[in-house]
Amino acid sequence: MKTRKAAVRPAKLDIWQRRLADSDAAWKPEMERMDWREHLYSGDRELRALTKGDEGQKAPHIRNIVFENIESQVSSAIPSPKVTPRRKEDEGLADKIEHWLRCELDRLPFETINDQAERTVPIQGGVGFLVAWDNRKRTHDTVGEEEVAMLHPKQFAPQPGIYTGIQDMDWFIVRQAATKESIRRRYGVNVENEGEQEPQVRGTGDEDTADDAVTMYIGYAKNDQGGIDRYVWVNDIELEDLENYQARRVPVCAHCGRVRPLPGQIIQNRQAVAETAETRKQIAGRALALQLAQEVAAGIGGGLEAMAAEVAAEPPEAEAERYDGGPCPWCGSTNWTTKEQEYEEVILPITNSSGLTIPGQHPEIDENGRSVMRPTRIPFYRPDVFPVVLQKSVSVYGQLLGNSDVDVIEDQQNTTNRMEKKIIDRLVKAGTRITLPAKATLRTDPVDGERWFLDSPADKAMIDVYQFSGDLQYELTYLATVYEEARQVLGITDSFQGRTDPTATSGKAKEFSAAQAAGRLESKRTMKQAAYAQLFELMFKFWLAYSDEPRPISYKDNEGNTVFEEISRYDFLKQDEDGQFYWDDQFLFSCDTSAPLASNREAMWQETRMNLQTGAFGDPSSTETLILFWSKMEELHYPGAGSTKKYLEERLRREQQQAAQAQQIQLQILAMQAQQRGRRDAASTVNQGNQTPTGR
C-alpha cells in the first residue's frame, strides 16, 4: 500500500491546488448563496429586517411558498432518447442506440437522479451529471458498466471567467466526499491520518467533519493532443495522475514492462523458466570448460560446437499456474503502472452487422524479408470530452448556472413570513379587556350576589369591558397579494397546480390555462431536454470506447412483441477507401417529445379508445378490429387486455371455421345444382334426339 512521503511533493499537485484556489475565489460566494437557498427551501424562519427593530426576529409560523412553487414544477418524466442518423445506411444503428439507451435508463437509477435534479435545478439554477466507466463491475460474460451520477453545483470548481459551458473550459474540478476505506481500495493509498477539508460539500453547510470521510478532488484538463487528463488528490496526497485518461490502458509491471494478467488467468511461470535456464547455462558452462580442457589435453576437438548448441538450447517448459493477484509473476516486482494503448490487435476475424469483415491475423513481410503472422490493428475510440454535462434552469448571459427560482421569490417569502408573524401576534393579543379603578380590588370571577364597594361615582364610570377581535382584513389581503406575486413571477397558475381555478369555466378552459402555465415553463423543459441529449451522446461515446463484449438489448416492436437483440461496438466500425478503419459516431441525439404522452398510460388508453370509436382501426363491430384494439391496449399494459385479446382471437377462429364450413356447404350445393342441371340438359338432349321429325 502506498503512503505519503513528506519529502516528495508532486509538481502537478501545486498546479492543481492553485487552480482550485483560483476557482474558490470566484465560486465560493456562489456556494455560500447555495446554502442559503437550501435553507429557504427547507423553511428558514429567520426574518430579514423590513423596518427598524425587526433585526434578529424569527417567524413562529411560516407558509413556505418557495417549497410550494418548486414542488409544483417537479416532473417525474425522464426524457426518452431519440437518435437520428446522418446517413441513410445507419438507420438500423440509430435504432439500436435508442434501444440500448432505453435499457440503460432502466438499469441505472435515473428515477432517483431525476427526482434529485428536478428540485436542485430550480433551487440552484442548475445541476451536473457525471459519466464514468467502472471496469470493476463485471458479469460472467461482460467487463465494465457505465455509471451516471448527479453533481450538486456545490461540487463544482469551474475555471473562472468561462460561463458558456463546461466543454468550453480548459480545466474543471469536481469535489466529492469519499470514505478513507474506499480510497484505499480504489487507489491503494492510505489516507487514514487525513481530515475532511470541505464537509459542506455533503449538505447545506451545517455538517460537521466526519472521522471516516475526506474531500476528494478530481481535476479534468485538456492537453495539447486534444485528449483529457485526470488528476486526483486528497489534501496534499496525490492519488492519480493520468494523461489521456479516456484512452485505453493496460496494467503493466513497472520493472519488466509485461502486461499484468487478469485474476484467475492461466500463465506459465516465467520466473521459474528463467531460473531454470540460468541454472542450466551455468552448469553447461562449467561442463563445457571441463570438456574443453580434457580435449585439449588429449589433442582432440569437435565438441565445442555441440556443447555451445546445448548451452543455447531452449529450457524445458515450466508448469502452468493460475495468477491470483499479487506481485509480477515474471520478475516478482510489486510496482504496477498503466500503459496507453492506441490500437487493438484482432487475432480472429470479426464480421459486424453491416457485413464488414475484420480479417484478423494475416501474413506480412517483416523488415528482414521473412513472412510473419501479424494481427489486424484497429484504433481504439476515445471520447476526448469532459465527462460532465450541465443542466441549466434557464440560460442567462454571464452566468454558468441559470436563474434560481429561490432568488426571484426570496422577497415574497420574507414578506410572507413577516405578515404571518404579525397575524399571529394580533390573534394572540386579541380577547376581552376590563377597565377598573386604580384602587379597586374587585373580583371578576362569576360569583352571584357579590357586593362591590366604590369610593365615588367616578370609580363606577371607569368599570367597563372591551372586546378586541383582531381585525385581519388588510393583512390577509396583502398576504394573498404577495403569494400571487410569487406565482406570477414563476408563471404558475391554479390549473397547473391542480387546484380549483375560478377563471376556467370548462374542462377545455382548464386545459388551456394549464397549457399557458406550461408555456411559461417551457424554457426549463427545453433546457432539460438539451442536457439529456448531451448526456445520451456522452453515454454512447463512453460505451463505444470501453465496451468490448456485445451487450443484450430488448424492446417492443410495432406489434407489441418483445424483441431481444445484441449491440456490439464493432457494428460502428467502418473502413474507408484507403482501407483504414475508423469509428462511426456521426449521430444526432435529442429527446423524443412524444415520450411524456407515451408514458401517461391513462391518456394513451383514452386516445386508443377514441381511435376505435372514430373507426381509425376499422369497423368497430368487426372482430379483427377489436383484436387490433386490444393488442394496442395490451401493449399499453391495460389490465385484462391480454385475456380479452385471446378470447377475441378464439372467437375469430370459430367465425373463420364457421365461414369456411358455410362456404364448403355452399360449394357443395352449387356442385349438386350443377350436376342436376347437367342431368336435365342431358335428358333434354336425349328426348330431342328421340323425337321423329314430321313433314307436311
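Not measured: the values here are computed from a predicted model.
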For the residue pair [X] and [Y], categorise the inter-ring angle as parallel (less than 30°), tilted (30 to 60°) or perpendicular (more than 60°).
{"X": "Trp16", "Y": "Trp233", "result": "tilted"}
{"X": "Phe542", "Y": "Tyr546", "result": "perpendicular"}
{"X": "Phe172", "Y": "Phe386", "result": "tilted"}
{"X": "Phe540", "Y": "Phe572", "result": "perpendicular"}

Donor-acceptor check, side chain of Gln155 to backbone of Arg175, threshold 3.5 angstrom: yes or no?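 Yes; at least one donor-acceptor contact below 3.5 Å.
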Strictly distance-based, threshold 3.5 Å: is any side-chain N or O of Lys392 a donor or acceptor partner for the main-chain N or O of Met527? no
For Lys528 against Asn114, the heavy-atom pair lying closest together: NZ-OD1, 2.9 Å
Trp583 side chain reached by Lys541 side chain, heavy atoms, under 4.5 Å: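 Side chain of Lys541 against side chain of Trp583, heavy atoms only: no contact under 4.5 Å found.
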Between Pro81 and Phe589, is there a side-chain heavy-atom distance shorter than 4.5 Å? no
Any chance the side chains of [X] and [Y] put a donor and an acceptor closer than 3.5 Å?
{"X": "Gln534", "Y": "Gln391", "answer": "no"}
{"X": "Tyr381", "Y": "Glu344", "answer": "no"}
{"X": "Trp543", "Y": "Glu104", "answer": "no"}

Which residue pairs satisfy the salt bridge (Lys or Arg N to Asp or Glu O under 4.0 Å) criterion with at least one member in residues 396-407, sequence neighbours excluded? Arg33-Asp407, Arg37-Asp407, Asp405-Lys524
Assert yes or no for the condition that the ring centre distance of Phe129 to Tyr532 is strictly below 6.0 Å.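 Aromatic pair counts; centres sit under 6.0 Å.
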